[in-house]
K.L.:
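There's a structure below that I have some questions on.
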Amino acid sequence: MTEETTTLTGPPVRDWPALDLAGTEFDPVLAELMREGPLTRIRLPFGEGWAWLATRYEDVRQITNDARFSRTAGMDRQVTRLAPHFSPQPGSPAWADQPDHNRLRKAVAGAFTVSAMKRLRPRAQELLDPLVAGIVRDGPPADLVERVLEPFPVTLICEVMGVPAADRPRMHAWAAQIVSTKGGAEASAEAKKGMFGWIADTVRARANSAGDDVYSLIGAALRRGEISEAEAVGLAAPLQIGGEAVTHNCGQTLYLLLTRPELMERMRQQPEARATALDELMRYVPHRTAVGLARIALEDVEIGGQLIRAGDPVYVSYLAANRDPDVFPDPDRIDLDRDPNPHLSFGNGAHYCTGAVLARLQIELMVGTLLDRLPGLRLAVPADQVTWRRKTMIRGPQSLPVTWD
């Protein structure tokens, strides 16, 4: 990590390259930044200038709950960033501040409640079972990513959203390109054009629908004048893309279990404790590359003894917060009995992941069903031969070859 000499008051600016890391290795640059202080300054591969980075749990929570740090103010700024392309979608809740953020999420909130997910669970299992049955029928070896981890989340999110079966392959292809950094701005722009155009046509067509799928709910909110068409697209797209994150996160979780037999055995022997155990694995798994979206300080704010000036861009690292030893004793150790476990893997504050309960449901079902149906489940190749996704914002295995007894 290189250091830039600067005459500005504050810590030096550190370059943070987009590392293609394999396995569940914690980013060594982030680890170094955590050691340097609760707030550091970083420069990512793209964009302009530098930004603050908060790594301590309490600071991350404070910033993500503080209205003085604005996502909206970053929409027209070329803040230093991970992605080579920058085209924030107008109307997206990801870029909205309050009260607009709550207004936008209200349109779909009912589809992602705990009670809605309980109702969805039997149907989700019904979609998952044939995929696992197909693996059992065909026998080992099998690629879990190809056979289960991709098709199940894609099918389930498409069903929840209301995407017709015929349109699901291209929706998956668009989503996969959007979360990748391969192909540069042109490939990403083309994928967004396709997906956003499809969404706009669909919500218009469902404006008078009484259905309970998400596109019908958004169409109804559009008809009532509660959201604009641009907001409808901005609201739907991140939810649609969420299936890709589940694929990668579950892939990392299973890789951990497959490479640490004691964890796998514990999960098999104590199915009643799987939910607690999975929470710990979600805390531990480094699910993304670098950081997500920046916030802009609207006024001078002191965080952790450091003055952040009005106009300064600020990033938070949920991955770092999840390894804060003041909150998680011995944070680099996987403790399946960790309690309490207030991890921030789904975010914090107003921008807490809308689909968090759905993501948990899917990971619980996939891990539990695979463990129960495939006795002796283990990697079919040495751990260092598992291939990992490259040039991506969300980390995970490209394939996960397994065998079983």
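Just so you know, these numbers use all the heavy atoms, side chains as well, and skip hydrogens, waters and symmetry mates. We're numbering straight along the sequence, starting at 1.
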K.L.:
Would you please say whether a donor-acceptor pair under 3.5 Å links the side chains of D372 and T369?
P.N.:
no
K.L.:
Output yes when a side-chain donor or acceptor of R41 lies under 3.5 Å from a complementary backbone atom of A51, and no otherwise.
P.N.:
no
K.L.:
So how far is it from R168 CZ to T155 OG1, rounded to the nearest 0.5 Å?
P.N.:
6.0 Å
K.L.:
Could you tell me whether the side chain of R268 reaches within less than 4.5 Å of the side chain of L377, counting heavy atoms only?
P.N.:
yes
K.L.:
Indicate yes or no for a side-chain donor-acceptor contact from D324 to the backbone of Y57 under 3.5 Å, with no hydrogens or angles considered.
P.N.:
yes
K.L.:
Could you go through Y284 and R333, starting from their C-alpha distance and side-chain angles, then the distance that decides it, and tell me whether this counts as side-chain contact (heavy atoms from CB on, under 4.5 Å)?
P.N.:
CA-CA 8 Å; Y284 183 87; R333 182 173 70 89; over 6 Å; no
K.L.:
So, using ring pair (Phe, Tyr, Trp, His ring centres under 6.0 Å) as the criterion, who are the partners of Y315 when residues are at least two apart?
P.N.:
none
K.L.:
Can the positive tip of R43 be found less than 6.0 Å from the middle of the six-membered ring of W50, inside 45° of the ring normal?
P.N.:
no
K.L.:
Could you walk me through whether E244 and V154 pass the side-chain contact (heavy atoms from CB on, under 4.5 Å) check?
P.N.:
CA-CA 7 Å; E244 303 298 318; V154 168; 4.0 Å; yes
K.L.:
Give, for atom CD1 of I334 and atom CD of E280, the distance between the pair rounded to the nearest 0.5 Å.
P.N.:
7.0 Å
K.L.:
State whether the side chain of R274 and the backbone N or O of E272 hold a donor-acceptor pair below 3.5 Å, judged by distance alone.
P.N.:
no
K.L.:
Give, for atom OG1 of T40 and atom CG of L33, the distance between the pair rounded to the nearest 0.5 Å.
P.N.:
4.5 Å
K.L.:
Closest approach of L344 and N322, non-hydrogen atoms and distance?
P.N.:
N-OD1, 2.7 Å
K.L.:
I'd like to check L257 versus M267 (side-chain heavy atoms, cut-off strictly below 4.5 Å). Are they in contact?
P.N.:
yes
K.L.:
How far does CE of M282 sit from SG of C250, to the nearest 0.5 angstrom?
P.N.:
8.5 Å
K.L.:
Please determine which of I227, V160, V214 meets the side chain to side chain contact (heavy atoms under 4.5 Å, CB included) test together with V108.
P.N.:
V214
K.L.:
Sub-3.5 Å donor-acceptor pair from the side chain of Q125 to the main-chain atoms of L365, do we have one?
P.N.:
no
K.L.:
Is a side-chain donor or acceptor of R206 paired with a backbone partner of G162 at a separation under 3.5 angstrom?
P.N.:
yes
K.L.:
Apply the test ring pair (Phe, Tyr, Trp, His ring centres under 6.0 Å) to residues H248 and H287: give CA-CA distance (whole Å), side-chain angles for both, the deciding distance (0.1 Å), then the verdict.
P.N.:
CA-CA 8 Å; H248 305 339; H287 59 273; over 10 Å; no
K.L.:
For salt bridge (charged side-chain N to carboxylate O under 4.0 Å, His left out), just list the numbers for R260 and E262, CA-CA rounded to whole Å, side-chain angles, deciding distance to a tenth of an Å, and then say yes or no.
P.N.:
CA-CA 6 Å; R260 303 196 185 194; E262 73 283 2; 5.3 Å; no
K.L.:
Does the R295 side chain pair with the main chain of T64, one donor and one acceptor, at a distance under 3.5 Å?
P.N.:
no
K.L.:
Check the pair I308 / D300 against side-chain contact (heavy atoms from CB on, under 4.5 Å), numbers first and verdict last.
P.N.:
CA-CA 6 Å; I308 297 176; D300 290 358; over 6 Å; no
K.L.:
Taking the side chain as everything from C-beta on, heavy atoms only, tell me whether L263 gets closer than 4.5 Å to L336.
P.N.:
yes
K.L.:
Go through the steps to decide whether D20 and R395 satisfy the test salt bridge (charged side-chain N to carboxylate O under 4.0 Å, His left out), and finish with yes or no.
P.N.:
CA-CA 9 Å; D20 274 330; R395 291 175 59 182; over 6 Å; no
K.L.:
With salt bridge (charged side-chain N to carboxylate O under 4.0 Å, His left out) as the test, would you mind laying out the steps for R14 and E36 before giving the verdict?
P.N.:
CA-CA 11 Å; R14 303 290 191 178; E36 288 186 5; 3.1 Å; yes
K.L.:
Would the number of heavy atoms belonging to other residues, nucleotides or ligands and lying under 6.0 Å from CZ of R309 be above 12?
P.N.:
no
K.L.:
M195 and A237: which non-hydrogen atoms are nearest, and at how many Å?
P.N.:
SD-CB, 4.2 Å
K.L.:
Salt bridge check, E231 against R103: does any charged N sit closer than 4.0 Å to a carboxylate O?
P.N.:
yes
K.L.:
So which atom in E159 and which in R123 form the shortest heavy-atom distance, rounded to 0.1 Å?
P.N.:
OE2-NE, 2.6 Å
K.L.:
Are side-chain heavy atoms of L400 and Y255 found at a separation under 4.5 Å?
P.N.:
yes
K.L.:
Tell me the closest heavy-atom pair linking R105 and Y352, and the distance in Å.
P.N.:
NH1-O, 2.6 Å
K.L.:
Would you check if P45 and W16 make a side-chain contact, meaning some heavy-atom pair closer than 4.5 Å?
P.N.:
no
K.L.:
Is there a donor-acceptor pair closer than 3.5 Å between any side-chain N or O of D312 and the backbone N or O of A297?
P.N.:
no
K.L.:
Before giving the answer on side-chain contact (heavy atoms from CB on, under 4.5 Å), spell out for M366 and F152 the whole-Å C-alpha distance, their side-chain angles and the decisive distance to 0.1 Å.
P.N.:
CA-CA 9 Å; M366 284 192 284; F152 174 63; 3.5 Å; yes
K.L.:
What is the minimum heavy-atom distance between M75 and P88, and which atoms define it?
P.N.:
O-CG, 3.6 Å
K.L.:
Could you tell me whether a side-chain N or O of T289 sits under 3.5 Å from a main-chain N or O of T392, the two making a donor and an acceptor?
P.N.:
yes
K.L.:
Tell me the closest heavy-atom pair linking G304 and R56, and the distance in Å.
P.N.:
CA-NH2, 3.5 Å
K.L.:
Do the non-hydrogen side-chain atoms of Q306 and W52 ever get within less than 4.5 Å of each other?
P.N.:
yes
K.L.:
Considering only heavy atoms from C-beta outward, does the side chain of K192 approach that of S188 to under 4.5 Å?
P.N.:
yes
K.L.:
Can you tell me how far CG of N341 sits from CG of L278, rounded to the nearest 0.5 angstrom?
P.N.:
11.0 Å
K.L.:
In terms of side-chain heavy atoms, does E265 have a donor or acceptor partner in Q269 at a distance below 3.5 Å?
P.N.:
yes
K.L.:
Ring centres under 6.0 Å, that's the criterion: do W198 and Y215 meet it?
P.N.:
yes
K.L.:
Evaluate the criterion side-chain hydrogen bond (donor to acceptor under 3.5 Å, both in side chains) for residue pair D213 and S216; output intermediate values, then yes/no.
P.N.:
CA-CA 5 Å; D213 62 272; S216 292; 2.7 Å; yes
K.L.:
Can you establish whether the number of heavy atoms outside D212 located under 6.0 Å from its atom CG is more than 12?
P.N.:
no
K.L.:
Atom CD1 in I218, atom CD in E229: separation rounded to 0.5 Å?
P.N.:
12.0 Å
K.L.:
Check for a donor-acceptor pair, side chain of T72 on one end and backbone N or O of D97 on the other, with a separation under 3.5 Å.
P.N.:
yes
K.L.:
Hydrogens and angles aside, do S317 and T55 bring a side-chain donor and acceptor to less than 3.5 Å of each other?
P.N.:
no
K.L.:
Less than 4.0 angstrom from a charged side-chain N to a carboxylate O is my criterion; do R389 and E150 meet it?
P.N.:
yes
K.L.:
For residues W95 and F86, establish whether the separation of their ring centroids is below 6.0 Å.
P.N.:
yes
K.L.:
Keeping R288 on the side-chain end and V291 on the backbone end, is there a donor-acceptor pair under 3.5 Å?
P.N.:
yes
